[in-house]
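Order of the sequence lines fixes the chain letters, A, B, ..., with proteins taken first and strands second; residue numbering starts at 1 for each chain.
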Number of protein chains: 2
Amino acid sequence: MIFVETMRKLDLFEKGQQEIAAIAKVMSHPARIAILQFLAATPTCISGDISDFLPLSRTTVSQHLKDLKHAGLIKGEVEGLKIKYCLNKKGIEKMKQLFGDLLEEITPEEENNCL
Amino acid sequence: MIFVETMRKLDLFEKGQQEIAAIAKVMSHPARIAILQFLAATPTCISGDISDFLPLSRTTVSQHLKDLKHAGLIKGEVEGLKIKYCLNKKGIEKMKQLFGDLLEEITPEEENNCL
DNA sequence: AATTCATGTCGTATGTTTGCGTCATTAGAA
DNA sequence: TTCTAATGACGCAAACATACGACATGAATT
């Protein structure tokens, strides 16, 4: 039995590192940042409004919305023909904690080995 | 004069959004997270030690180090034949502030439109 | 000078992301 | 019921990221 070795080596890292990397990846595109900011700022949150707001096609925005939803950062609620999106408080808090913990961990001391 | 339209539309977003996205992209791979944690934890910081520590080839680690350096998160200091890497306090602080500001901005209120 | 060692650069193969047109679906309007 | 409107799913093409072997470079060692 031969196991084909794939290129992907992510499995070799710790779970916490993968978790941070995954949430960072979601935040690694300006469109998704813009969507989160839009949802934080507007009370209406209709999907179409978001596409209209962004300089991207409706299809592309829909894809970004799916990514954000999958990451647990937003929620979608059907409302008749339209879909109302909102920030997911729980997911945002989780992200906040993940980043907070990491940033605290990697804060360099005043006494650095390099000058 | 015809301008060929490229697929990449990042230019259409605000500078702040691009800045956050860029730093998030650097954090979007477990190897780079692991490197930052390693540098925070070890006083020696020699490039070779990092490659030995990670489950990746020396070449690949070198590439990740380059990315981190380019993002201003680490510094490299030549020391004879070896190179000593350290966290870049300034860059880490900058990242901390960027994420902090964004996370504050997109913190949902208790009164959410979705349930 | 020749060798060795630590490291970076280049080229390449493969995987992943992005963007968008087209189609399917489903709710409301006519 | 038929039509229209809002949206997600599918699939393709281009761009980008990842991994790494092979080569280049430059400092120490012999």
Enquirer: Please indicate whether B/Lys96 has more than 12 foreign heavy atoms, meaning atoms of other residues, nucleotides or ligands, lying under 6.0 Å from its NZ.
Expert: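 Yes, because the 6.0 Å sphere around NZ of B/Lys96 holds more than 12 heavy atoms from other groups.
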Enquirer: Rounded to whole angstrom units, what separation is found between the CD atom of B/Gln63 and the C1' atom of C/dT9?
Expert: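 For the pair B/Gln63 CD and C/dT9 C1', the rounded distance is 9 Å.
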Enquirer: Rounding to an integer number of Å, can you tell me how far B/Leu54 CG sits from D/dT18 C1'?
Expert: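 Going from B/Leu54 (CG) to D/dT18 (C1'), I get 14 Å.
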Enquirer: Taking OP1 and OP2 of C/dG19, is either one under 4.0 Å from a side-chain nitrogen or oxygen of A/His64?
Expert: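 Answer yes for this pair, as a side-chain N or O of A/His64 is under 4.0 Å from OP1 or OP2.
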Enquirer: How many whole angstroms separate atom NZ of B/Lys69 from atom C1' of C/dT7?
Expert: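 These atoms are roughly 11 Å apart.
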Enquirer: Any side-chain N or O of B/Arg58 under 4.0 Å from OP1/OP2 of D/dA19?
Expert: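 So the side-chain polar atoms of B/Arg58 never come under 4.0 Å of the phosphate oxygens OP1 or OP2 of D/dA19.
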Enquirer: Does C/dG8 have its OP1 or OP2 closer than 4.0 Å to a side-chain nitrogen or oxygen of B/Tyr85?
Expert: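 So the side-chain polar atoms of B/Tyr85 do come within 4.0 Å of the phosphate oxygens OP1 or OP2 of C/dG8, strictly under.
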Enquirer: Is any side-chain N or O of B/His29 closer than 4.0 Å to OP1 or OP2 of D/dA19?
Expert: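 Yes.
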Enquirer: Using modelled atom types only, decide if a donor and an acceptor are shared between the side chain of A/Thr60 and the backbone of A/Leu56 within a distance under 3.5 Å.
Expert: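 Checking the backbone N and O of A/Leu56 against the side chain of A/Thr60, no donor-acceptor pair under 3.5 Å is found.
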Enquirer: Looking for any heavy atom pair under 4.0 Å, which part of the strands does B/Ile46 touch: base, sugar-phosphate only, or nothing?
Expert: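 Sugar-phosphate, backbone atoms only, no base.
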Enquirer: Could you state the atom-to-atom distance from CD of B/Glu77 to P of C/dA6 in whole Å?
Expert: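 Atom CD in B/Glu77 sits about 19 Å away from atom P in C/dA6.
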Enquirer: In terms of ring plane angle, is the pair B/His29 and A/Phe13 parallel, tilted or perpendicular, where the classes change at 30° and 60°?
Expert: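 Taking A/Phe13 first and then B/His29, their aromatic rings stand perpendicular (interplane angle over 60°).
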Enquirer: Establish, with yes or no, whether the OP1 or OP2 oxygen of C/dG19 is under 4.0 angstrom from a side-chain nitrogen or oxygen of A/Thr60.
Expert: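 Negative; the distance criterion is not met.
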Enquirer: Would you kindly give the CD-to-C1' distance between B/Glu79 and D/dA28, to the nearest whole Å?
Expert: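 Going from B/Glu79 (CD) to D/dA28 (C1'), I get 14 Å.
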Enquirer: CD1 of A/Ile35 versus C1' of C/dG19: gap in Å, rounded?
Expert: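 Checked: the CD1 to C1' distance equals 13 Å.
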Enquirer: Using a cut-off of strictly less than 4.0 Å, decide whether A/Ser62 has a side-chain nitrogen or oxygen near OP1 or OP2 of D/dG8.
Expert: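 True: A/Ser62 side-chain N/O within range (under 4.0 Å) of D/dG8 OP1/OP2.
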Enquirer: For B/Ser51 and for A/Val78, find the nucleotide of DNA chain C with the closest heavy atom, then tell me which residue's nucleotide is more 5'.
Expert: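 Between the two, 5'-proximity favours B/Ser51.
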Enquirer: If only side-chain N and O atoms of B/Lys82 are considered, is one of them under 4.0 Å from the OP1 or OP2 phosphate oxygen of C/dC5?
Expert: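 No.
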Enquirer: Between A/Arg32 and A/Lys25, what is the shortest heavy-atom contact and its length?
Expert: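 In this case the closest contact between A/Arg32 and A/Lys25 is NH2-O, 3.3 Å.
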Enquirer: Looking at every heavy atom in both A/Leu39 and A/Cys86, which two are closest together, and how far apart are they?
Expert: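 Taking every non-hydrogen atom into account, CD1-C, 4.0 Å.
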Enquirer: Expressed in angstrom and rounded to an integer, what is the separation of B/Ile74 atom CD1 from C/dT7 atom C1'?
Expert: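 In whole Å, C/dT7 C1' lies 14 Å from B/Ile74 CD1.
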Enquirer: Could you state the CG-C1' distance from B/Leu65 to C/dT9, rounded to the nearest angstrom?
Expert: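 Result: 14 Å.
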Enquirer: As a test of reading the structure: which of D/dC20, C/dT7, C/dT9 is closest to the side chain of B/Lys66, going by heavy atoms?
Expert: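 The listed nucleotide nearest to B/Lys66's side chain is C/dT9.
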Enquirer: Taking only N and O in the side chain of B/Thr59, is any of them less than 4.0 Å away from OP1 or OP2 of C/dG8?
Expert: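 No.
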Enquirer: When you get a sec, tell me which of D/dT18, C/dT7, D/dC20 is the closest nucleotide to the side chain of B/Arg32?
Expert: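 The closest nucleotide is D/dT18.
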Enquirer: Which nucleotide in the set D/dT7, D/dG21, D/dT18 lies at the smallest distance from any side-chain heavy atom of A/Ile83?
Expert: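 Closest nucleotide to the A/Ile83 side chain: D/dT7.
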Enquirer: Determine whether the side chains of A/Thr59 and A/Ser62 contain a donor N or O and an acceptor N or O closer than 3.5 Å.
Expert: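 On atom types as modelled, these side chains do not qualify, holding no pair under 3.5 Å.
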Enquirer: Across the strands shown, which category fits B/Leu81 at heavy-atom distances under 4.0 angstrom: base, sugar-phosphate, nothing?
Expert: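 If one applies the 4.0 Å heavy-atom cut-off, B/Leu81 turns out to touch a base.
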